[in-house]
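Okay, structure first, notes after.
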Amino acid sequence: MQTKVLIPDAGAYQLASDLLNRGELVAFPTETVYGLGANALNREAVLSIFSAKGRPADNPLIVHIHDRSQLDDLCTVPPLAGRLMDAFWPGPLTMLFVRKPAVPLEVTAGLPTVAIRMPSHPVAAAMLKACSLPVAAPSANSSGRPSPTTAAHVLEDMNGKIPLILDGGECDVGLESTVLDLCHDQPTILRPGGVTKEMLEAVLGQKVLLAGSILRPLGENEVALSPGMRYRHYAPKGSVILVEGPEERTVPLLRKLCLEQRQAGKKTCVLCFTEHVGALTDCDPHDIGSISSPCEIAHRLFQTLRLLDEEGMEAVFSEVVPPEGMGLAVMNRLGRAAAFRTIRA
Ligand code: AMP
Ligand code: MG
């Protein structure tokens, strides 16, 4: 199959709509990462997402909508959700609702809940409107690779496997959406993202819990509340180790660790803040963004992780950000890239 990459115009939206209505796949930009979309109500179409990505069947998909009226057929919405929709939709917030029978169990991996989001990216919104379908879409990467934040990343993973990629440029947030469970006693973040815990608490006026495995590996017998958290995600081929501690100690330690590994014959680099690039020039510094801007770090993270593989890095040492606000989402992804291996300076 030939994969077309089109800059969205009326003809491209028409083609995307025709493909989706025929049960085929279309990759499209959202404000978080690129999604790989199929008609959420068509079982066969949904199954082809899993085969194109090589995704385990027990990892559920997020359903994307452009209008709240679409919810009626898909799920039962708890009262608390209305306030969050008013505040954060369209935007990078996915909420779990009780599934209605119209949603195939393939979408939810057999779970009684369905994850729903209304993206704000104008291309995603226009495509969803053009096709008039709820669109099930996970990130448009091959399973195990970092999520794609440009059309070129999607093409790297999906060339020849899907008919169309809509090219909307670089994604703004750069990390996947916040996944919030509203179906149990207390609202719980299963995956941190662009809508932070602090933002949710401000709107709800109550405490929002964090799933246990956000900043640590899942225990051996622990059930993943968000099935995606079970998988080795975002991990570059080389080893990644996080270095934590006060600035005056982390920078020299990063340098020491990197140069030791280089001496041992490994291809090595450091992931560091813009402010520390100058002190680490002999360590092949990869600038992850400013220490004061977790949003900038989020925006660049996945493209940096893809680059490490392209460069054949074998040992990577990275700085960390405080796990607050957007920093929590950064540390969830970076932590998993490192299998949470951390050295304290
Ligand atoms: P992706 O868009 O590729 O990041 O995948 C969607 C993520 O949403 C998965 O990793 C799931 O863990 C999460 N998710 C989707 N549906 C559910 C659900 N019903 N319950 C819990 N997590 C879900
Ligand atoms: Mg994904």
Side-chain angles (χ1 to χ4, degrees), residues 25 27-38 40 46 49-65 71 74-78 81 92-100 103-119 121 124 134-149 153-154 157-158 171 173-184 187-195 209-214 218 222-235 298 301-302 305-306 329 332-333 336-337:
L25 303 184
F28 62 100
T30 80
E31 67 279 18
T32 60
V33 301
Y34 274 72
L36 181 62
V46 167
I49 292 178
F50 288 88
S51 49
K53 279 180 62 84
R55 183 179 176 99
D58 60 357
N59 193 1
L61 309 178
I62 294 170
V63 176
H64 294 69
I65 60 172
L71 289 168
L74 303 172
C75 58
T76 312
V77 177
L93 176 65
T94 297
M95 287 184 268
L96 300 190
F97 302 129
V98 175
R99 162 192 167 268
K100 283 189 180 168
V103 180
L105 284 169
E106 284 75 4
V107 170
T108 67
L111 292 171
T113 51
V114 56
I116 310 222
R117 167 163 121 79
M118 186 188 288
H121 194 292
V135 168
S139 50
N141 51 297
S142 298
S143 227
R145 296 261 290 151
S147 297
T149 55
H153 295 163
V154 180
D157 288 10
M158 291 297 149
C171 300
V173 179
L175 298 180
E176 304 88 340
S177 59
T178 304
V179 177
L180 181 69
D181 181 0
L182 287 176
C183 296
H184 295 93
T188 304
I189 293 178
L190 306 187
R191 176 177 74 182
V195 174
L209 305 180
L210 294 177
S213 60
I214 284 175
L218 208 60
E222 194 177 357
V223 175
L225 294 173
S226 181
M229 292 287 190
R230 255 201 316 268
Y231 297 102
R232 188 190 132 96
H233 241 175
Y234 321 121
L301 185 65
F302 284 143
L305 295 182
R306 276 184 182 251
N332 170 254
R333 308 316 192 273
R336 296 178 72 207

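Computed from a prediction, not measured in an experiment: that's the story for all the values here. Only heavy atoms go into these numbers, but all of them, side chains included; no hydrogens, no water, no symmetry mates. Atoms within a ligand are numbered from 1 in the order they appear, just like the ligands themselves.
Inter-residue side-chain proximity for L190 and L96 is flagged as met; some heavy-atom pair is nearer than 4.5 Å. Contact check for R55 versus L61: side-chain heavy atoms found under the 4.5 Å cut-off. Using a 4.5 Å heavy-atom cutoff, the side chains of F302 and P148 are not in contact.
Within the structure, the closest approach of D181 to ligand 1 does not fall below 4.0 Å when heavy atoms are considered. In this structure, N59 has a heavy atom closer than 4.0 Å to ligand 1. Heavy atoms of R99 come nearer than 4.0 angstrom to ligand 1 in no pair at all.
Screening V114, T94, T32 for a side-chain contact (heavy atoms from CB on, under 4.5 Å) involving I62 leaves a single residue, T94.
Using a distance-only test at 3.5 Å, with no hydrogens or angles considered, a donor-acceptor pair links the side chain of T178 to the main chain of V195.
Distances below 4.0 Å separate heavy atoms of R191 from the following atoms of ligand 1: 1 (P), 4 (O), 7 (C). The distance from ligand 1 to the heavy atoms of L111 drops below 4.0 Å at these ligand atoms: 18 (C), 19 (N), 20 (N). For ligand 1 and L61, the ligand atoms under 4.0 Å from any heavy atom of the residue are 15 (C), 16 (N).
A salt bridge does not link R117 to E176: none of the charged side-chain nitrogens sits closer than 4.0 Å to a carboxylate oxygen.
Of the candidates A211, S143, S147, S139, S139 brings a heavy atom nearest to atom 3 (O) of ligand 1. Considering only non-hydrogen atoms, atom 2 (O) of ligand 1 lies nearest to P138 out of G193, C183, G110, P138.
Within the 2.8 Å limit, N141 places no N, O or S atom next to the Mg ion (ligand 2).
The shortest non-hydrogen separation linking G37 to V135 is CA-CG1, 3.6 Å. Among all heavy-atom pairs drawn from K53 and N141, the shortest one is NZ-O, 3.0 Å.
Residues satisfying the salt bridge (charged side-chain N to carboxylate O under 4.0 Å, His left out) test with R99, not counting sequence neighbours, are none.
Looking at L96 against ligand 1, only its side chain comes within 4.0 Å, counting heavy atoms. Contact annotation for R55 and ligand 1: only side-chain heavy atoms (C-beta onward) come within less than 4.0 Å of the ligand. Residue contacts with ligand 1, taken as heavy atom pairs separated by less than 4.0 Å, do not involve T108 at all.
Looking at T113 next to ligand 1, an N or O pair under 3.5 Å apart turns up.
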